[in-house]
Amino acid sequence: MNAMTDLSRRGFLITVTAAGAAFAMNGPAEAADAYAPTIWYTIDRNSQVVVHIIRAEMGQHVGTAIARIVADELEADWAKTTFLHVDTDPKWGLMVTGGSWSVWQSYPLYSQAAAAGRIALVEAGAKLLGVPAASCTARNGAVVAGSKSIGYGEIVAKGELRSFTADELAKVPVKKAVDRRLIGKAAPAQDIPAKTNGKGVYGIDAKVPGMVYARPVLPPTRYGCKVASLDEADAKKVPGYLRTVALDDPSDNVTGWVMVYGESWVAADRAAQALKVTWTTPPEAKVSEADLQARARALIADKSKGGLVVEDPGVDAAFKAAKTTLEQTYTTATALHFQMEPVNALAFEKDGIFEVHTGNQWQSLVLPWLATALGRKEETIVLRTHLLGGGFGRRLNGDYAVGAALASKAIGGKPVKMVLARADDSRFDSPRSPSVQTVRMAFGEGGRVTAMEQHVCAGWPTEAMAPFFMPKGANGVAFDPFAVNGANHWYNVGAHRVRAVGNDLANKTFRPGWLRSVGPGFTNWALESFIDEAAAEAKVDPVEFRLRMLDAAGKNAGSAPNAVGGARRQAAVVRRLAAKAGWGKALPKDTGLGIATSFGQERDMPTWTGCAARVAVDPATGAVKVEKLTLVVDCGTVVSPDGALAQMEGAALWGLSLALHEGTAFENGQPKDLNLDSYTPLRMSGVPDVEVEFMPSTEAPVGLGEPATTVVGPAIGNAIYRAVGARVRDLPIRPEAVKAAMRKA
């Protein structure tokens with residue numbers, strides 16, 4: 001029965017994939033005569049509202065969330081509201097999906113755009129009804145004045161509707177929270193049917209007539225390899241093999257790639273395996289995980305290195321005058337994205353436009369790369385939008401789009417569908433860099449915290465791919481904010497210093513990437529593990545220790561529009577979490593409850609988050625079983641409850657996976673684990689009970705895609721200590737490390 005079920009399931013997937021295997025816009029058609037108050041949506045003569053989405057869809061239902069924002073403020077009929085994922089165009093501005101930014105950045109923009117449309121419709125509708133605009137209201141796709149009403153579609157057909165300048169838009173008032181009708185109310189995600197019936201088109205589904213397939217043969221390292229020789233003799237024996245080309249890439253994204261073409265992907269794949277290539281290689285081809293960690297430790301020890309992210313006066317003096325001090329070092333291993341859809345792209349030239357069909361998270365970053373690689377202007381290149389079969393930050397780096405485009409250019413602009421095999425995807429992933437962090441704290445009279453330092457060393461993805469996003473620290477040295485966020489916390493620790501140090505060896509060996517939760521995925525591991533250790537040093541309950549420092553004093557008071565309340569809101573989350581999880585209650589032997597908290601991703605968009613992890617430890621083996629995760633979050637206004645819950649649950653399980661199961665090591669310049677036989681993320685059998693509570697709020701909505709990931713690891717580590725007295729300081733947490741820590745304790 002199992003074999004038959006698997007076979008029928010496989011057949012179903014093949015059928016629906018074939019049904020969706022034609023490129024499309026993944027959205028509705030728009031009427032040419034529709035009214036567009038701004039570029040962000042249109043309303044047609046049937047009252048149909050189409051919202052334009054510039055964010056990538058990779059399972060988070062971002063289109064539904066943003067469409068709800070528009071429909072609520074516009075007072076549209078939700079049954080007639082849908083959305084369209086748009087292709088690249090300069091008018092959209094920055095097109096990027098990451099950092100938990102989508103709803104946070106979209107909310108004010110789309111709210112004001114929708115409010116403007118509502119105002120225009122009321123004005124025009126009032127004229128058509130022959131009544132003053134002040135006597136009219138908008139509701140459910142119509143303008144109403146007493147017993148009279150007129151639908152939006154009729155207004156669009158008959159009315160003279162005005163547009164808005166940028167200055168006018170900026171002054172448009174939006175609804176008060178009490179007047180919202182759709183935001184915060186449950187509604188099914190609109191894109192679920194297409195994702196389950198085969199109509200949704202992912203990048204890997206995209207096809208055009210006459211295309212050929214390609215698989216790259218990758219060099220030993222990301223940088224510095226040059227093709228020395230090619231031997232096609234065995235490749236030519238493969239049926240369907242076409243040719244091989246060593247790519248020349250001026251953009252330095254796919255240096256050393258050799259592209260193998262076939263009439264089918266199977267032919268290209270088999271020919272690629274038969275091809276013999278030799279490269280000249282750089283010294284980084286011998287780098288190991290131990291080398292990367294050793295380099296990080298050496299860089300941290302050199303106080304002249306790195307940018308000072310936080311540099312309060314008096315840090316050194318406070319440590320010199322301290323009654324006692326505490327110092328610990330924490331590490332995390334290399335982690336891969338392992339999104340289920342391997343990276344791919346379809347590229348070709350048509351009518352003077354170079355089209356690239358793919359799923360991508362940062363179109364605005366990739367377009368300049370493509371222009372450089374192809375030697376043509378950006379305005380002659382278009383990235384066509386498709387669904388992503390998982391992103392998690394991997395598709396922020398669109399190097400694969402460059403490979404496909406160069407593969408097409410090499411054969412005269414003909415359509416080429418390039419797909420990386422799973423092992424290739426892993427070898428040239430943009431992994432989360434291994435990290436080393438040293439954290440110190442100074443204590444004064446009565447155990448009062450007087451100073452704290454956190455030194456963070458890792459590979460810097462922003463330096464590798466988007467250096468224009470790097471600010472300068474207090475010492476004038478530029479740093480990667482996405483590799484240190486989280487260390488600039490909201491605790492009042494007296495004099496505070498945070499130093500971000502780039503691991504230059506990591507950046508030479510591979511292209512570090514942004515992986516779900518980015519810097520806080522490792523900075524908060526060190527911070528919240530250390531806070532527990534500091535609480536023990538001060539002989540204070542870990543919850544009480546945190547609450548003492550979350551006093552919202554000084555720079556931690558918070559500010560409008562996104563951080564109103566500051567650390568006071570984080571303290572409220574911690575109090576609620578402790579009560580909800582049963583902090584202080586008796587637990588069975590070898591079972592512990594650990595707690596951790598975070599502000600999520602960035603100080604200017606804090607998502608106040610807390611996690612309590614209940615774990616059981618087997619003293620004989622060191623094996624850790626997570627029994628329950630309890631999470632409390634204050635993310636401001638919850639736009640889409642179902643989507644928000646799914647984001648929290650998914651992020652929490654991602655954090656659990658990174659804490660106990662995921663992690664590889666570099667060997668000879670490449671990740672050791674290339675497939676899911678040895679790289680073993682969390683399996684369904686290991687999923688614990690997960691309970692999530694949202695704090696009620698009408699403040700600005702902030703991000704939810706990543707914050708929960710940042711608190712689960714340290715909560716588990718702290719729970720292990722409370723269960724068996726063992727401190728673990730390295731992620732992932734392996735059973736043998738737990739046993740060693742127990743022996744040491």
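In this structure, Y35 contributes its side chain and S163 its backbone to no donor-acceptor pair below 3.5 Å. Judged purely by atom type and a 3.5 angstrom limit, R516 uses its side chain to pair as donor or acceptor with the backbone of G705. With hydrogens and angles ignored, the 3.5 Å screen pairs a side-chain donor or acceptor of R394 with a backbone N or O of N397. Under a 3.5 Å cut-off, the side chain of S657 and the backbone N or O of L653 do not form any donor-acceptor pair. Judged by distance alone, the side chain of D205 and the main-chain N or O of Y202 form a donor-acceptor pair under 3.5 Å. Distance alone, capped at 3.5 Å, places no donor-acceptor pair between the S517 side chain and the E706 backbone. Judged purely by atom type and a 3.5 angstrom limit, T709 uses its side chain to pair as donor or acceptor with the backbone of A651.
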- request: Evaluate the criterion salt bridge (charged side-chain N to carboxylate O under 4.0 Å, His left out) for residue pair D87 and R384; output intermediate values, then yes/no.
  value: CA-CA 5 Å; D87 298 328; R384 301 292 185 197; 2.9 Å; yes
task: For E649 and L645, run side chain to side chain contact (heavy atoms under 4.5 Å, CB included): C-alpha distance rounded to whole Å, both residues' side-chain angles, the deciding distance at 0.1 Å, then the answer.
output: CA-CA 6 Å; E649 291 172 338; L645 179 61; 3.6 Å; yes
- request: For side chain to side chain donor-acceptor pair (under 3.5 Å), just list the numbers for Q361 and T97, CA-CA rounded to whole Å, side-chain angles, deciding distance to a tenth of an Å, and then say yes or no.
  value: CA-CA 5 Å; Q361 291 180 245; T97 309; over 6 Å; no
- request: Starting from the C-alpha separation in whole Å, work towards a yes-or-no answer on side chain to side chain contact (heavy atoms under 4.5 Å, CB included) for E693 and V633.
  value: CA-CA 6 Å; E693 180 177 315; V633 59; over 6 Å; no
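Interatomic distance, NE2 of H386 versus NE2 of H85, reported as 12.0 Å (0.5 Å rounding). Residue Q363 holds its CD atom at 13.5 Å from CD1 of I381, rounded to the nearest 0.5 Å. Here the CD-CG distance, from E379 to L367, works out to 10.5 Å after rounding to the nearest 0.5 Å. Distance check: T710 OG1 to N485 CG gives 11.0 Å after rounding to the nearest 0.5 Å. Taking CD from Q112 and OH from Y107, the interatomic distance works out to 11.0 Å, rounded to the nearest 0.5 Å. In this structure, E699 CD and N562 CG are separated by 9.5 Å, a value rounded to the nearest 0.5 Å.
Counting heavy atoms from C-beta outward, F694 and L704 have side chains that approach closer than 4.5 Å. Two residues are said to be in side-chain contact when any heavy atoms from C-beta on lie closer than 4.5 Å; Y152 and L74 meet this criterion. The closest side-chain heavy-atom distance from C611 to L629 is below 4.5 Å. The side-chain heavy atoms of W40 and I54, taken from C-beta on, include a pair separated by under 4.5 Å. Under the 4.5 Å side-chain criterion, counting only non-hydrogen atoms from C-beta, V690 is in contact with L631. A heavy-atom distance below 4.5 Å is found between the side chains of S100 and M605. Between V201 and L387, the closest side-chain pair of non-hydrogen atoms is not below 4.5 Å.
Looking only at atom types and distance, the side chain of D191 has a donor-acceptor partner in the side chain of H61 under 3.5 Å away. With no hydrogens or angles considered, no side-chain donor-acceptor pair links T609 and S598 at under 3.5 Å. Counted by atom type alone, N488 and E602 present zero donor-acceptor pairs between their side chains at under 3.5 Å.
Few gaps surround NZ on K185; more than 12 heavy atoms of other groups in view lie less than 6.0 Å from it. For K127, the NZ atom sits in a loose shell: 12 or fewer heavy atoms of surrounding residues, nucleotides or ligands are nearer than 6.0 Å.
Judged as a salt bridge (Lys or Arg N to Asp or Glu O under 4.0 Å), and not counting sequence neighbours, R575 has no contacts. Residues forming a ring pair (Phe, Tyr, Trp, His ring centres under 6.0 Å) with W362 (at least two apart in sequence, or on another chain): F469, W514. Not a single salt bridge (Lys or Arg N to Asp or Glu O under 4.0 Å) links R68 to another residue, sequence neighbours left out. Take K628 and apply the salt bridge (Lys or Arg N to Asp or Glu O under 4.0 Å) test, not counting sequence neighbours, and it matches E691.
Residue pairs meeting the salt bridge (charged side-chain N to carboxylate O under 4.0 Å, His left out) criterion with at least one member in residues 42-52, sequence neighbours excluded, are D33-R45.
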Mind listing the side-chain donor-acceptor pairs of residues 131-139 below 3.5 Å, one per line with the distance, residues two or more places apart or on another chain?
from, atom 1, to, atom 2, distance (Å)
S135, OG, P132, O, 2.7

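Taking 4.0 Å as the cut-off between side-chain N and carboxylate O, E341 and R395 count as a salt-bridged pair. A salt bridge between R118 and E123 is absent, with no side-chain N of the basic residue lying under 4.0 Å from a carboxylate O of the acidic one. The pair R180-E73 does not meet the salt-bridge criterion, since no charged nitrogen lies less than 4.0 angstrom from a carboxylate oxygen.
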